[in-house]
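Everything numeric in this text was worked out from a predicted model, so none of it was measured. Values below: every heavy atom of this structure, side chains too, minus hydrogens, waters and symmetry copies. Both ligands and their constituent atoms are indexed starting at 1 by order of listing.
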Amino acid sequence: MKSVVIEHPNQLTIAERPLPAPAAGEVRVKVSLAGICGSDSHIYRGHNPFARYPRVIGHEFFGLIDAVGEGVAPSRLGERVAVDPVISCGHCYPCAIGKPNVCTELVVLGVHRDGGFSEYAVVPADNAWVIPPAIPDEHAVMVEPFTIAANVTGQVNPREQDIALVYGAGPMGLTTVQALKGVYNVSQVIVADRIDERLQMAQRSGADWVINNSQQPVQAALEARGIKPTLIVDAACHPSILQEAITLASPAARIVIMGFSSEPSQIIQQGITGKELSIFSSRLNARKFPVVIDWLARGLIDPGKLVTHKFHYQQVTDAIELFEKDQRKCCKVLLTFN
Ligand code: NAI
Ligand code: MN
Ligand code: ZN
């Protein structure tokens, strides 16, 4: 089989590798579609501190089960599945309290272990979630990015009367906007980004109004309308945003951060305690695949609004370079494996 392998930083090969056999408790997935994410590019460029090389990248993928390991029901052969990349131990403290996404022995497919940019991938059977026939392949491959939004929103229970502010209109901001509008019916969702084309995508995903904060500071735009957001999600992840969010927030607001910056964020406690703000963080997803599959089945979200390009996996280098260079035209880029 062919696999997209990052041999070491900045060296990508399409390698011939032996077809893997699923171990006990695993299934083999014949991959048909995969999505490119910022973290794939970070591993390619050597910017992910968790990555070990060589590595088959890719953690957003969909395909058919074509082999099962010992202990897995043969009836699973032929299932259409989306694969949860989060593998956890099941018994540590975070696992015990329902946060396997921060398991003390966390393994993420495509990061710590070979992932889905490959003609075949072996994965734990429990991580392969069946996709109902009414959900098309191109929606199924987008389950993983929407699980990030399911995890973010799951931390804060959005309400209709919330005024939500989302920083960043990349894939993570857009999935969050779709969840806030489509699933939770939040009355007002405001999006801030520095790129007009990205803000147009946010509007197509349901944002009620948008702020280009390269032209006008978010604070001035909100003050002009007399608005104080009650729910703020930072999907842009610059270290300066947390303090800005604290300043802008309504009393009793919730803030969710999802960035991995190692730069310090300077924050003033008075701004948090004075308004009794709640600050949450969100990483990956805690078994949110069934949640998102249900959203898709009920037509509450539309992943098609994020997909801008599709390439055959043999063109993966071009695909990643386009993804890295052109945030105006490019949002979610899919790879096909058939
Ligand atoms: P992206 O790079 O496609 O989108 C980020 C967007 O934020 C861009 O449109 C950019 O113009 C905008 N932006 C940057 N600085 C800004 C600022 N100061 N104000 C307003 N907008 C700004 O990235 P993507 O894939 O949407 O991911 C966003 C962030 O989420 C990344 O930092 C990534 O590391 C993080 N992430 C976190 C995850 C988690 O589970 N915690 C999972 C996936 C991504
Ligand atoms: Mn991703
Ligand atoms: Zn664990």
Side-chain angles (χ1 to χ4, degrees), residues 34-43 47-48 57-61 83-111 115-116 141-152 155 165-177 190-202 205 210-219 221 232-245 256-262 280-286 288 306 308 323-328 330-333:
I36 297 177
C37 178
S39 57
D40 298 310
S41 143
H42 294 152
I43 296 170
H47 298 156
N48 182 321
I57 51 175
H59 61 269
E60 303 174 3
F61 58 107
V83 178
D84 185 346
V86 175
I87 301 174
S88 53
C89 77
H91 51 71
C92 66
Y93 169 73
C95 283
I97 63 151
K99 293 193 176 221
N101 50 320
V102 286
C103 172
T104 57
E105 290 164 41
L106 178 68
V107 171
V108 181
L109 290 168
V111 181
V141 69
M142 295 289 288
V143 171
E144 196 277 343
F146 277 92
T147 62
I148 308 295
N151 211 71
V152 164
Q155 309 272 33
L165 168 65
V166 177
Y167 280 91
M172 291 303 108
L174 297 177
T175 56
T176 302
V177 170
I190 305 156
V191 177
D193 199 296
R194 303 183 295 199
I195 301 175
D196 281 329
E197 289 84 347
R198 283 278 171 102
L199 290 170
Q200 285 159 14
M201 294 196 77
S205 277
V210 298
I211 301 166
N212 185 326
N213 64 337
S214 72
Q215 290 159 12
Q216 184 184 27
V218 176
Q219 183 159 13
I232 302 178
V233 178
D234 177 13
C237 306
H238 187 277
S240 65
I241 292 174
L242 179 55
Q243 178 55 40
E244 182 172 305
V256 190
I257 56 172
M258 49 193 300
F260 290 95
S261 175
S262 55
F280 296 80
S281 66
S282 183
R283 181 177 183 193
L284 301 165
N285 88 90
K288 299 296 187 194
L306 274 67
T308 53
F323 172 84
E324 290 171 341
K325 274 191 203 120
D326 199 351
Q327 290 203 321
R328 292 177 189 281
C330 218
C331 188
K332 184 54 72 181
V333 179

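Taking OG from S88 and NZ from K99, the interatomic distance works out to 14.0 Å, rounded to the nearest 0.5 Å. Summarising the geometry, atom CD belonging to Q200 is positioned 10.5 Å from atom CZ belonging to R328; distances are rounded to the nearest 0.5 Å.
Screening the protein for N, O or S atoms under 2.8 Å from the Mn ion (ligand 2) yields 3; no waters enter the count.
In this structure the side chain of K288 never reaches within 4.5 angstrom of the side chain of D84, judged on heavy atoms. Side-chain contact between H238 and S261: absent, with no pair of heavy atoms (C-beta onward) separated by less than 4.5 Å. Between I195 and M201, the closest side-chain pair of non-hydrogen atoms is not below 4.5 Å. A heavy-atom distance below 4.5 Å is not found between the side chains of D193 and Q327. Between N285 and V86 there is a side-chain heavy-atom pair separated by less than 4.5 Å. Side-chain contact between F260 and R283 is present, with at least one heavy-atom pair separated by less than 4.5 Å. Residues Y167 and V218 meet the side-chain proximity criterion, which asks for heavy atoms closer than 4.5 Å. The closest side-chain heavy-atom distance from Y93 to T104 is not below 4.5 Å.
Interface atoms of ligand 1 facing F260, defined by a heavy-atom separation under 4.0 Å, are 37 (C), 38 (C), 39 (C), 41 (N). Atoms of ligand 1 found under 4.0 Å from any heavy atom of L284 (numbered from 1 in listed order, with element): 39 (C), 40 (O). Residue-ligand proximity, I195 to ligand 1, at heavy-atom distances under 4.0 Å covers atoms 11 (O).
Distance alone, capped at 3.5 Å, is enough to place a donor-acceptor pair between the R198 side chain and the C330 backbone. Between the Q219 side chain and the E244 main chain, no donor and acceptor come within less than 3.5 Å of each other. Here the side chain of T308 pairs a donor or acceptor atom with the backbone of C331 at under 3.5 angstrom. In this structure, the side chain of K332 engages the main chain of I36 through a donor-acceptor pair within 3.5 Å.
A192 counts as a contact of ligand 1, since one of its heavy atoms falls under 4.0 Å from the ligand.
Only the backbone of S282 comes within 4.0 Å of ligand 1, judged by heavy-atom distances. Under 4.0 Å from ligand 1, the heavy atoms of R283 that appear belong solely to its backbone. At a 4.0 Å heavy-atom cut-off, ligand 1 touches C237 through the side chain alone. Only the backbone of A235 comes within 4.0 Å of ligand 1, counting heavy atoms alone; no side-chain atom from C-beta on gets that close. Contact annotation for N285 and ligand 1: no heavy atom of the residue comes within less than 4.0 Å of the ligand.
Note that atom 33 (C) of ligand 1 has no protein non-hydrogen atoms nearby, at separations under 4.0 angstrom.
For the Zn ion (ligand 3), protein N, O or S atoms closer than 2.8 Å were enumerated as C89 SG, C92 SG, C95 SG, C103 SG, with waters left out.
Between C89 and C92, the shortest heavy-atom distance links the atoms SG-N, 3.3 Å. Closest of all the heavy-atom pairs between P100 and C95 is CA-SG, 4.0 Å. Contact between V177 and S205 at its shortest, heavy atoms only, is CG1-O, 3.6 Å. The two residues A286 and N101 make their nearest non-hydrogen contact at CB-OD1, 3.4 Å.
Atom 13 (N) of ligand 1 has as its closest protein heavy atom A236 CB, 3.6 Å. For atom 25 (O) of ligand 1, the closest heavy atom belonging to the protein is P171 CD, 3.8 Å. Summary of contacts: the protein heavy atom closest to atom 26 (O) of ligand 1 is M172 N, 3.0 Å. Atom 14 (C) of ligand 1 has as its closest protein heavy atom R194 NH2, 3.3 Å. Among all protein heavy atoms, the one lying closest to atom 3 (O) of ligand 1 is R198 NH1, 3.1 Å. Of all protein heavy atoms, the one lying nearest to atom 1 (P) of ligand 1 is Q327 NE2, 3.6 Å.
A side chain to side chain contact (heavy atoms under 4.5 Å, CB included) with L284 is found for one member of V111, N151, V108, T147 and no other, namely V108.
An N or O contact shorter than 3.5 Å is missing between H42 and ligand 1 by distance.
Taking each of M258, E324, M201, H238 in turn, the one with a heavy atom nearest to atom 37 (C) of ligand 1 proves to be M258. When the heavy-atom distances from atom 19 (N) of ligand 1 to I257, I241, N213 are ranked, the shortest goes to N213. The nearest non-hydrogen atom to atom 9 (O) of ligand 1, considering only T147, V152, D193, comes from D193.
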